[in-house]
Colleague: 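My questions all concern the structure below.
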Amino acid sequence: MARLLGGIERARSGAALLVVIGLAIGPISAARAEPASTLQEMWARLGTCTGRIRMPKEASGSEVTVLFTVRRDGSLQGRPRITHSRLVGDEPSRRDFVAAALGALGACFPLPLTEGLGGAVAGRPFRYRITSGTRGA
């Protein structure tokens, strides 16, 4: 169990780097997209963005729930945290799944938000579930 938790922590560290890279580069399509003006549109954007990632086949059935906060401008405030995980497969597959999930979520930001939605969501915690092979909210 300690070995698994250590592996998850290493994956989170590696995924944090992917999140930072994703934040620095940002998604090309998000810059051109019309800003989301409703929560439904915001969740749809996240679903589209995270739905494009490739998950390890050995991790099929895995899921993570990520807690994050968004700033008024649609950027992440702080680092996303995993609040729940159900990981399937061998240790490298689990680690790859966590890294891919966090990296994909980080690459979605900054989200293009209208001023009104940005003000409404700023500083509020959101939970987002990512499952292998599917996307979830």
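Since the model is a prediction, treat every value here as computed from it, not as a measurement.
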Colleague: Using atom types as modelled, flag every donor-acceptor pair under 3.5 Å from a side chain in residues 104-121 to any protein atom, sequence neighbours excluded.
Modeller:
residue: Thr114; atom: OG1; partner: Ala36; partner atom: O; Å: 3.4
residue: Thr114; atom: OG1; partner: Leu117; partner atom: N; Å: 3.2

Colleague: Sequence neighbours excluded, which residues qualify as side-chain hydrogen bond (donor to acceptor under 3.5 Å, both in side chains) partners of Thr65?
Modeller: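 Scan of Thr65 (side-chain hydrogen bond (donor to acceptor under 3.5 Å, both in side chains), adjacent residues dropped) gives none.
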Colleague: Mind checking salt bridge (charged side-chain N to carboxylate O under 4.0 Å, His left out) for Arg124 and listing every partner two or more places apart, or none if nothing turns up?
Modeller: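 Testing Arg124 for salt bridge (charged side-chain N to carboxylate O under 4.0 Å, His left out), a comparison that skips the adjacent residues, returns none.
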Colleague: Without swapping roles, check the side chain of Arg71 against the backbone of Leu76 for a donor-acceptor pair under 3.5 Å.
Modeller: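 Indeed, once roles are kept as given, a pair shorter than 3.5 Å links the two residues.
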Colleague: Decide side-chain hydrogen bond (donor to acceptor under 3.5 Å, both in side chains) for Ser93 and Asp96; before the verdict, give the C-alpha distance in whole Å, the side-chain angles of both, and the deciding distance to 0.1 Å.
Modeller: CA-CA 5 Å; Ser93 297; Asp96 291 347; 5.7 Å; no
Colleague: At their closest point, which heavy atom of Ser132 faces which heavy atom of Gly61, and how far apart are they?
Modeller: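 Heavy-atom minimum between the residues: OG-N, 2.7 Å.
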Colleague: Take Val64 and Thr131 through the test side chain to side chain contact (heavy atoms under 4.5 Å, CB included) and record every step on the way to the result.
Modeller: CA-CA 7 Å; Val64 292; Thr131 61; over 6 Å; no
Colleague: Is there a side-chain contact between Phe68 and Leu102 (heavy atoms, below 4.5 Å)?
Modeller: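 Of all side-chain heavy-atom pairs linking Leu102 with Phe68, none is under 4.5 Å.
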Colleague: Looking only at heavy atoms, which two atoms of Ala122 and Arg72 are closest? And how far apart?
Modeller: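 Closest approach of Ala122 to Arg72: CB-N, 3.7 Å.
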Colleague: List for me each residue that meets salt bridge (charged side-chain N to carboxylate O under 4.0 Å, His left out) alongside Glu41, sequence neighbours excluded, and say none if there are none.
Modeller: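 Counting only residues at least two positions away or on another chain, Glu41 forms no salt bridge (charged side-chain N to carboxylate O under 4.0 Å, His left out).
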Colleague: Does Ile82 share a hydrophobic cluster with Leu46, counting links as ILVMFWY side-chain heavy atoms below 4.5 Å and allowing steps through other members?
Modeller: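 Yes, it is one cluster - the side chains of Ile82 and Leu46 are joined through contacts under 4.5 Å.
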Colleague: Below 4.5 Å, heavy atoms only, C-beta onward: do Thr50 and Tyr128 meet side chain to side chain?
Modeller: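 In short, these two side chains touch, coming nearer than 4.5 Å.
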Colleague: Hey, are the side chains of Arg129 and His84 touching, using non-hydrogen atoms and a 4.5 Å cut-off?
Modeller: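 No, every pair of side-chain atoms sits at 4.5 Å or beyond.
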Colleague: Would you confirm whether Ser62, through its side chain, and Ala59, through its main-chain N or O, come within 3.5 Å as a donor-acceptor pair?
Modeller: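 It does hold such a pair.
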Colleague: Can you give me the closest heavy-atom contact between Trp43 and Arg127, atom names plus distance?
Modeller: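 Closest pair (atom of Trp43, atom of Arg127, distance): CH2-O, 3.6 Å.
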Colleague: Okay, side chain of Arg94, backbone of Gly89: is any donor-acceptor separation there less than 3.5 Å?
Modeller: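 Such a contact is found between Arg94 side chain and Gly89 backbone.
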Colleague: Check the pair Glu58, Phe97 against side chain to side chain contact (heavy atoms under 4.5 Å, CB included), reporting the backbone distance first and the verdict last.
Modeller: CA-CA 9 Å; Glu58 298 80 12; Phe97 170 77; over 6 Å; no
Colleague: Test Thr83 against Val66 for side chain to side chain contact (heavy atoms under 4.5 Å, CB included), laying out the working first.
Modeller: CA-CA 6 Å; Thr83 59; Val66 183; over 6 Å; no
